[in-house]
Number of protein chains: 2
Amino acid sequence: MPDTEVDKTSAAVDALRRPAAAPAGRGGRPRDAHRDAQIMRAALDVLIEIGYDRLTMDAVATRARAGKATLYRRWPSKEALIAEAALCAGADSTEAVPDTGSLRGDLITMLAGAAEHIDESHARAVVALLPILPGNPELAEIVRERFLTEWQRLLQPLLARGRERGEVHPDRDLDLLALVLPSMAFYQTVFAERPVDPPLLTRLIDEILLPLAASPPHPRTG
Amino acid sequence: MPDTEVDKTSAAVDALRRPAAAPAGRGGRPRDAHRDAQIMRAALDVLIEIGYDRLTMDAVATRARAGKATLYRRWPSKEALIAEAALCAGADSTEAVPDTGSLRGDLITMLAGAAEHIDESHARAVVALLPILPGNPELAEIVRERFLTEWQRLLQPLLARGRERGEVHPDRDLDLLALVLPSMAFYQTVFAERPVDPPLLTRLIDEILLPLAASPPHPRTG
DNA sequence: CACTTATGGAACACTTGAGTTCCGGAACTG
DNA sequence: CAGTTCCGGAACTCAAGTGTTCCATAAGTG
């Protein structure tokens, strides 16, 4: 898990883990930290392929070329491993806020640069995690908050600057605006099986977000 | 399952069922057809509360006040029962296409009249069903197609008429337009836990769909 | 070197839940 | 009436999968 994560998520991830390896200096084989990421990557792949219900720890261990005991030395349960794997699937962006001179340029630049963590597999991982959320309210809260805030944190600075430039109508609710792209992208991921690739995002920006941002609410022209 | 369903879904539902009860006339107690709907209602409730992973046939039977054998006389497996329950959760609307004289009026009237099947529990049921879709491509296809087409079938006639009235810009792609509301409603359901109630829908219509419909794509005013 | 900890693979324990069968009673036919 | 099918509740079967333990080997410390 990258160390730029918010405290709340770090605490949640800690709660998903077993006690750490033996401290250095006592002798003994050191724990290979790379294995954690490899195991989680394998877990995520299996999760996306066959879903949470059919996923077994045996399958994850085989995929990761690890012993099952290696998995259980790190995570106390299947649920904990899968939860952490899905939470870590999309790293936070450390992109600087672009300033291309136009809202369209900013949006396209930002989303191109942030392709890694709006990667479709993140959305699929979250979808695959949805079924266990009813039984785990803390995790549900973190997943929801994280998924909601990620896109919004990316989009709101751009929309705000667009408003200053006069590209976003002054009466526009930026919170609501920032929901449009993630909503449509997520819907595509879940239902349309259309890859959320740069051409699609560009189309959504051009045909949906930009015209909407520039228009006033409640046009009532009809 | 209402008999207005498309053939594909009916075939899919038939495939989810065990052979029917003994034909009438042979004597023996008749099967109570009301129990089917009651059992599925119970299944849906449990599904939404605790998710597919934790749902047990015992829990559904208890909730439905039925014997487990009663469930298995109708459905061959847990998966089949849950799949049919979720598919039937939202009945198709038989609403007439409203004509209020304005796109806004049409949208609000249609969505108010169709509240039953855009009920949030339908979306939650579909979400809860997502985990079994990777292992069941036919069902996945039906769920996706059905969920996609339902809102679109409702919205497209209204948008088309709006275009005739000059309320929808002639360059507007109606397929894409018809995706905006369902996308945002679904996102709210899954992540924001905000009830998709008439005030929210009205707000989405006023602040998102109507201004968007009236505006041309690619404004490039920035 | 002895001692320690981590590893993968295998064997193991056990419980949970899907699915099946049984049975007394209910609801039907001829 | 006898025979038939459905019902709910209970008992049952069994295997799959979670989670645990074992062990030879590997990778460290002092």
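Chain naming here is simple, since letters A, B, ... match the order of the sequence lines and numbering starts at 1 in each. This structure is a prediction, so every number in the text was calculated from the model and none was measured.
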Practice problem: May I ask you to decide whether B:Arg203 forms a salt bridge with B:Asp197, counting only side-chain N to carboxylate O separations under 4.0 Å? | Solution: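 Salt bridge flag = no for B:Asp197 with B:Arg203.
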Quiz item: Between B:Arg17 and B:Asp36, does at least one N-O distance fall below 4.0 Å, as a salt bridge requires?
Solution: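 Between B:Asp36 and B:Arg17 there is a salt bridge, with a charged N closer than 4.0 Å to a carboxylate O.
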Exercise. Taking heavy atoms of chain A and a 4.0 Å limit, find me the 5'-most and 3'-most nucleotide of DNA chain C within that range.
Key: C:dT4 to C:dG9
Do the side chains of [Y] and [X] get nearer than 4.5 Å, heavy atoms only?
X        : Y        : answer
B:Arg54  : B:Glu49  : no
B:Met184 : A:Met184 : no
B:Gln38  : B:Arg65  : no
B:Asp99  : B:Arg161 : yes
A:Tyr52  : A:Lys78  : yes

Practice problem: May I ask you to decide if the ring planes of B:Phe186 and A:Tyr187 are parallel, tilted or perpendicular, using 30° and 60° as cut-offs? | Solution: perpendicular
Practice problem: Identify whether any heavy atom of B:Arg63 sits under 4.0 Å from a base atom; if not, whether one sits that close to sugar-phosphate; answer base, sugar-phosphate or nothing. | Solution: nothing
Exercise. Determine the contact category for A:Asp58: base if any of its heavy atoms lies under 4.0 Å from a base atom, sugar-phosphate if only primed atoms, P, OP1 or OP2 are that close, otherwise nothing.
Key: base
Quiz item: Mind checking what makes side-chain hydrogen bond (donor to acceptor under 3.5 Å, both in side chains) contact with A:Arg29, not counting sequence neighbours?
Solution: none
Self-check item: Contact pattern, 5' to 3', of nucleotides 22-30 of chain D - B, S or - by protein heavy atom under 4.0 Å
Solution: ----BBBSS
Exercise. Name all residues meeting the side chain to side chain contact (heavy atoms under 4.5 Å, CB included) criterion together with A:Pro76; count only those two or more places apart in sequence or in a different chain, and write none if there are none.
Key: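 Partners of A:Pro76 by the side chain to side chain contact (heavy atoms under 4.5 Å, CB included) criterion, ordered by chain and then number, come out as A:Arg18, A:Ala80.
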Exercise. With sequence neighbours excluded, tell me which residues meet side chain to side chain contact (heavy atoms under 4.5 Å, CB included) with B:Ala178.
Key: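 If we apply the side chain to side chain contact (heavy atoms under 4.5 Å, CB included) test to B:Ala178, skipping adjacent residues, the hits are B:Gln152, B:Leu155, B:Gln156, B:Leu159.
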What integer distance in Å separates [X]:[atom1] from [N]:[atom2]?
X       : N      : atom1 : atom2 : answer
B:Tyr72 : D:dC12 : OH    : P     : 19 Å
A:Leu55 : D:dA16 : CG    : C1'   : 14 Å
A:Leu71 : D:dT20 : CG    : C1'   : 14 Å

Exercise. Name the residue closer to the 5' end of DNA chain D, choosing between A:Met57 and B:Ala64 according to the nucleotide with the nearest heavy atom.
Key: B:Ala64
Exercise. Could you tell me, to 10°, how much the axis swings from one end of the helix from C:dC1-D:dG30 to C:dG30-D:dC1 to the other, five pairs per end?
Key: 10°
